[in-house]
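Keep in mind that this is a model prediction, so the values were computed, not measured. Hydrogens, waters and symmetry mates play no part in the numbers below; they use all other heavy atoms, side chains included. Lettering follows sequence order; numbering is per chain, from 1.
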Amino acid sequence: MNPQEPPTDEMRPQDPVTEQLGVVPPEGGLVAELERMSPEERAKHEAQVAAAAATDREITVGVGDTLLELRDLTMRFGGLVALDSVSFSIRRGEILGLIGPNGAGKTTCFNAMTGVYRPSSGDVLLEGQSLGKRKRFDITRAGIARTFQNIRLFGEMTALENVMVGTDARHRTSVPGAVLRLPRHYAEERAGTDKAMALLEFVGIADRAADKARNLPYGYQRRLEIARALATEPKLLCLDEPAAGFNPAEKDDLVALIRKIREDGYTVLVIEHDMRVVMGVTDRIVVLEFGRKIADGKPEAIREDPAVVAAYLGVPDGSA
Amino acid sequence: ACGGGGGGGETGGAAPTQQRAEPTQAPFTPPADAQLPAGDGQGQCSGNPAIAYIGTIAGANAGLGIAIKQAVELAVEEHNEANPGCQVSYKEFDTGGSPQTALAPTVAAINDPSILGVVGLPFSGESEAVGPALTEAGLVGVTPSATRPDLSQKGWTHFFRGLGNDSVQGPAAARFITGTLGAQTVCVIRDDSAYGQGLATEVTNALGDAAACDEEIKTGQTEFSAAIGTIESANPDAIFFAGYYAEGAPFAQQLRDAGVEADLVVPDGVKDPIFVQNAGEASEGVYMTCPCLPGDVFPEFTEAYQARWNVEPQTYSAEAYDATTVLLRGLDQGISDRAGLLDHVRNYQGQGLTKMFAWNEQGELNETPVWSYVVKDGQIERLSPID
Amino acid sequence: MALLELDGVAVHYGRIQALSGVSVTVEEGEIVALIGANGAGKTTTMRAISGVRPVSEGRVVFDGDDITRLRADLRVQRGICQAPEGRGVFPGLTVLENLDMGAYTRKDRRSAAYREDLDNVFELFPRLAERRNQPGGTLSGGEQQMVAIGRALMARPRLLLLDEPSMGLAPQIIQQIFRIIDNINSEQGTTVLLVEQNASQALALAHRAYVLETGRVVQHGTGRELLEDPAVRNAYLGVA
Amino acid sequence: MITHVTSVLAQDGLIDFNFELLVDRFWANTIDGLSYGSIYALVAIGYTLVYGVLKLINFAHSEIFVIGIFAAYFTFLGLGFAPGETADLGLAALIGSLLLAGVVAMVASGGAAVLLERVAYRPLRKRGAPRLVFLITAIGASFAIQQLFLIFLGGNAQPSIRLLRPTEAFEVFGARVTNIQIMTVVAAIVLMVIAETFVNRTRLGRGVRAVSQDPDTATLMGVNRERIFMLTFLLGGVLAGAAALFYLMTIPAAAIYNGGFLLGIKAFTAAVLGGIGNLRGALLGGLLLGVVENYGQSFFGGEWRDVIAFVLLIVVLMFRPTGILGESLERARA
Amino acid sequence: MSTATAAEGVTVPFGARLRNWWGSLDRWQQWGVLIPLVALIYLLPVLNPPLLTTEPGTDFQITLFNAARIALIAIGLNIVVGQAGLLDLGYVGFFAVGAYTTAVLSSPDSFLTTQYPWLVCVPIAMFVTAVSGLVIGAPTLRLRGDYLAIVTLGFGEIVRLLADNLDPLRGQRGFADVPGPEVTRADGSAVFTSSDGTPWYWLTVTVIIIVLMLVGNLERSRVGRAWVAIREDEDAAEAMGVPTFRFKLWAFAMGAAVGGLSGSIYAGQVGYINSQGFDVITSILFLAAVVLGGSGNKVGVILGAFLIVYIPDRFQVIAQYRFLIFGIAIMVLMVFRPQGLLGARQRLLTYGRQAYQRLIGKGEQISSESALQKHGNGVAQ
Ligand SMILES: Nc1ncnc2c1ncn2[C@@H]1O[C@H](COP(=O)(O)OP(=O)(O)OP(=O)(O)O)[C@@H](O)[C@H]1O
Ligand SMILES: Nc1ncnc2c1ncn2[C@@H]1O[C@H](COP(=O)(O)OP(=O)(O)OP(=O)(O)O)[C@@H](O)[C@H]1O
Ligand SMILES: CC(C)C[C@H](N)C(=O)O
Ligand SMILES: [Mg+2]
Ligand SMILES: [Mg+2]
């Protein structure tokens, strides 16, 4: 999946975590292990992974109708207007880019959508339903999942468990069920583990499944956040600067990953500063500046938009 | 406008002292025939009997416990020195002073067959917690200080109280306040201990209409402006403080600082030289009641204690000394089992330093005088028995 | 003599070895870039230099002195200053106080030079000037990044360590950042050690660069050389 | 004659109200509360400082305070004042003695706090112990110090020594204000202002704040973390020492091995009430706690004092989850 | 904040070593270790091992019982503190509620006219305590970190003070003659008496084993995961769809119920309770048991509880110094084992193990951990 091999286990001659686990990873890491498998084994394994990663939720409506709508969303902090009646909508199945200068209000927009902040005015509608009064966890269950600009993982949990917390959003076992180990507990637990593992593989970090999240390098942590968000089976996946801290090659992988996510039927909203990523992956782009929407259109149009160039892009992107 | 001047003129609160004669000291001669631990030096005991102190050593209110423990230890030492024929071991068990922790050490004492008698437990609460266990084991316990009345009503056969209980002291205190001191309105301040609560109830009941206000404080409290405020507002002729000296001393001091001149009467839990030291000048003229004969007039005991422990004997040291003596007398006679010692105590009759020891069926002393005291020139001086 | 020299440095996290035998030299007045994939050990190298992560093998030499065991805050006094990964903005201090913290070891905090530096930072990042009294914790990600860089500049270090300075910044500002780095290097003579994912720009700017892979230096050379190296291009510049 | 009249909790009369007394004693309670609250405040500052920097509830701080009490006490004794009496001193001698005792107490408490930091907390830091471990170690230290006092000085309070009798300085709405009360309140405010100035206006103070927010990054700015920790403990200890002197003057029989416990808990409550980590909050919390406790005692009766304190805390936190002056910093940004 | 340790010089943490060893055993080997170990635990009061015993200072059986009841408390508190990361300094309040509920229902001193047998009181006490957990938790659980700590401390004190102040609860006069289970020997004498710790110890150990299993089930489930997530980052947990408030309440209620259970057993054993001994210090000692043993590790906290009770009791003979020893012991232990006697990661790793196993396509079994451990070990060799 990557022209450059991801760091393998060779660099970690002794990993205390996996050691404590009593499972020293197979020599050469997971990848090597997969390679060692016989074709049948391999096929079976991949079928398992694919089945587990596929979302259970059927997509009832075709691509195109509105999934999420922001209506005159305004967010004030004291005298500061971080969002100034911003309206736009996201259609099912699309990848929407949200860009703008630093401090334009992009993250604030995420926060207002996911219930971290209560909007000062305006409303957010998911499939026509207002999210205004709903609790944060409920919004997630309703179908919006996100990653964080400043990574927020459960540091002491393993990568796998981090993702399982995400899968739990769709589980219903509560205390009595867990205490008494009811059948549903088993079913959910098993399904959750499988799915989580598959997701880790999907984002390419399965070989560190048993490491504490805290100990993962920055780039891995970002991917883990994506896997965790995906695990909640969102209708809309919101990524806040997913490519930050990636090198160009890794960014290419990320673009491929986001495309794959979309192909699996997710709708994606992505904040990103890297124009190659933005242009490479989005179907449509919304541009914010000083809390106001200044443009909304296809990537090609946005690239040419003089207002956007002035406010944001500056000299045509030279990094590519 | 607070304190001395305030209140206005109804019951002549300004000068209660003029309505009564100043209480005076009644003559008292310490008992000449008091039994001492040393005895006659002819003690012969069989086996290696032991006496145990069970009570707080390191826990809360350790000070009270240690005063007792040290007296017990002193008594045993004096006894052993004087009686080559009877060497009694001393053992101690720390209960931590609370009913929650008292049981394990008590059971340990019970399980030690050499222990024939116990001095303790000092506090009413822990005594209550371990009572059934001691009775079941038939291990006699003489408490030098637990004064809650109902301890003797539980049907325990091991329980002997080495002093009068609070249902004796309470009414006596009330009589002293209204009678001798001639007070017509009284504020009763209580702490939250089983002892303070019980005593305050007894006093309040006995005071009847004279009880003008009441206020509760907590063990460990050091600042009493609110309680004193209540008193100032009520402007009583006298105040009764049902609690221990740890709170009594700062209370008295702050009371006088606030300018309240009413008579202050305190019970046995406060009757301790420490109170005088800690309340400073505020202790001057404070009246005390105690279900004990004056224990502080025994220079020999005081000196011996001071020499051994480098501190003055404290609240119930003398009672503990006496209680130990009672047990030692039995051992001197060669008693070698618990039943025997229990029997010995039950039938014991003898003068102690502090009083005459002879118990009734319930384990209460027959003679339970309550004495009044006053602090004068920094000394606790006995006045007279309250009748 | 080199300003900074890492000699066979190894660093462990518990029993995970994150660096093994890393040797890096930075000459006075140079800009040196470190590039590598996620988890290669770039940040760890920076931490080893600034002293927040102890070195288990090898030596760190700064300006001729062995500072391998020197406390981190004393290294700052010698002129090593780091803008850390993850920004490390003090959330409860205002922008101004944050910047002032950068100058903590400076003796001339009442002087004109100090004021001038402050004005410089505000000029570079007008956004920060607007927000000078806003608590750091409420800034946007990019604004925080500006604070982190500005704060490092306030220290007027001899050796400036920048860990992914362009992360989270808008394209326009990124251009600016690279210009700033160039400027302080050429005008103030500050030596810079730079970790960048934006490898092409970093390599274009740097005099020399090192490539880290799984905790080892696998390649080094001038910026230009590496920029043209097919393997590097393939692995880090995303030019398939 | 005033008796408890109204009853709540229906017929049982479980809790009595005494409205009359509350009104009657309003000003007296306010003044007493302010002065006692000042002592809470001075101790609270120590909690708040240490908490702010190490996120550690330093349960041993109450013992640091007790050390100050004993230090002041033995200074009195050393100066030749007799237990059980009130000395009769000229103004100069009085001020001199008090100053000396105060300095000794502050040095003793401050030194003890620094020592505690060294022997108990620093090793833990070096080993990267989790936060709760510090808390438990603090408890261990608190036990140990208390027991040392108990073993060496016995279980009773030291005989009281007084250099100064509280006398009425002036009256406020018929309530008297004593000389000691004035000294206490003034000292609390002055010391608070000094501490606050130090933390907010000096370079080292800024180091303290930086370390409290992000110790690792602070190091990268050249802040010597260890020195900041030491300084924090020192400052907290010194203020506890000052509090100890005024406490001893207010309650001369305060020199007892476990004398810090209750006050410590109250002071900590005060610190949280005001917003832990906030110096002004500690002062405000202390004063408020002192005053409300007193009103409550008059209204409900003395046994409810501590209940009132904690209920006040809970109620305040319900409405202001980070205390009265607590940083209402938006929670860390998502 | 941590210092470097050279790779060679690293000592494997004791807990990890123990775990490795445990993981390296076969299933039957594990049983082979476990059964004698449990048997040994049950036999302790009878064996009264010479070096371990607390006698002559304190009755060893009762010390063991006290250790067991504190262990039960520590297990409950560990749910709240170790799992969910909610610092509760007033846990003694729940213990008190459990004890008082039992006493009020069963003591002749009670204002109630009927006295119920102990066995009836226990479930009621647990229920009442759980409800009190909800009542205290509902308004306070939105507080963060140490604000929660001090508020719980306040609630704990309020519980004690109510017991002290309210007349029907009898303050320090207390409730006497709280009965125990009505079991008699052949000769008609009661088995459960306050002076014989052994039957009570056995009872409590049995209860502990049951509670451990149930709590273990919880921890190895979605619920336990949610707790840890909340502990690690409450906001992120909420964003991942964890109803944090509800799960925190559950933690509080579960923890409280276990505390109440312990209180109830305790009241039955001592037979007498009053408002003393439910103070802040006691509460903090409970916490010390948890932290000392290894917050988050159930076996660890049991060990911690044992130490908390055992150290002071062991030094009864030098009573004056025992709390000094105790205080210093705590400090020293914490310095040498800052993660607690046993570290906290045991449970979480089992998932990794399972999933890893399944991923590499070998272990198909998910229900039995030991099978996986065995398997995992196979890979390791
Ligand atoms: N809690 C808050 N209090 C005060 N101001 C805030 C708060 N949160 C955000 N802001 C301000 O609102 C503005 C928008 O911030 P936001 O994080 O949404 O920017 P952004 O578009 O995500 O920028 P970046 O690309 O740098 O991440 C910023 O100027 C920020 O300082
Ligand atoms: N605190 C830690 N504990 C354990 N291992 C760690 C820790 N920090 C980093 N590591 C490990 O050290 C290795 C190097 O990490 P480092 O952060 O230096 O990489 P990096 O090159 O900066 O990566 P990125 O580009 O993602 O920031 C990684 O394998 C990582 O898992
Ligand atoms: C030591 C004593 C003052 C004890 C008190 N009389 C009680 O009953 O608890
Ligand atoms: Mg942002
Ligand atoms: Mg990095």
*Looking only at heavy atoms, which two atoms of Gln149(A) and Gly142(C) are closest? And how far apart?*
NE2-N, 4.1 Å

*Identify the heavy atoms of Pro101(A) and Ala170(C) that sit nearest to each other, and give their distance.*
CA-CB, 4.1 Å

_Per-residue contact mode, Leu169(C) against chain A (heavy atom under 4.5 angstrom)_ = both

*Side chain from CB out, backbone as N, CA, C, O: work out which of these in Glu85(C) comes under 4.5 Å of a heavy atom of chain A, or both, or neither.*
side chain

Gap separating the [atom1] atom of [X] from the [atom2] atom of [Y], nearest 0.5 angstrom:
X         : Y         : atom1 : atom2 : answer
Arg214(A) : Tyr13(C)  : CZ    : OH    : 11.0 Å
Asn198(C) : Asn247(A) : CG    : CG    : 10.0 Å
Ser140(C) : Lys106(A) : OG    : NZ    : 6.5 Å
Ile174(C) : Met275(A) : CD1   : CE    : 9.0 Å

*asked:* With no hydrogens and no angle check, just 3.5 Å: does a side-chain donor-acceptor pair link Asn38(C) and Arg222(A)?
replied: no

*Pick whichever of Ala243(A), Gly103(A), Ala244(A) has the most heavy-atom pairs under 4.5 Å with chain C.*
Gly103(A)

Please check if atom [atom1] in [X] has more than 12 non-hydrogen atoms from other residues, nucleotides or ligands closer than 6.0 Å.
X         : atom1 : answer
Phe290(A) : CZ    : no
Arg284(A) : CZ    : yes
His207(C) : NE2   : yes
Arg224(C) : CZ    : no

*Taking the side chain from Asn102(A) and the backbone from Gly168(C), do they hold a donor-acceptor pair closer than 3.5 Å?*
yes

*Criterion side-chain contact (heavy atoms from CB on, under 4.5 Å) on Tyr218(A) and Met167(C), from CA distance to verdict*: CA-CA 12 Å; Tyr218(A) 200 84; Met167(C) 186 196 293; 3.4 Å; yes

_Part of Leu80(A) within contact of chain C (heavy atom distance under 4.5 Å)_ = side chain

*asked:* Any non-hydrogen side-chain atom of Asn150(A) less than 4.5 Å from a side-chain atom of Arg87(C)?
replied: yes

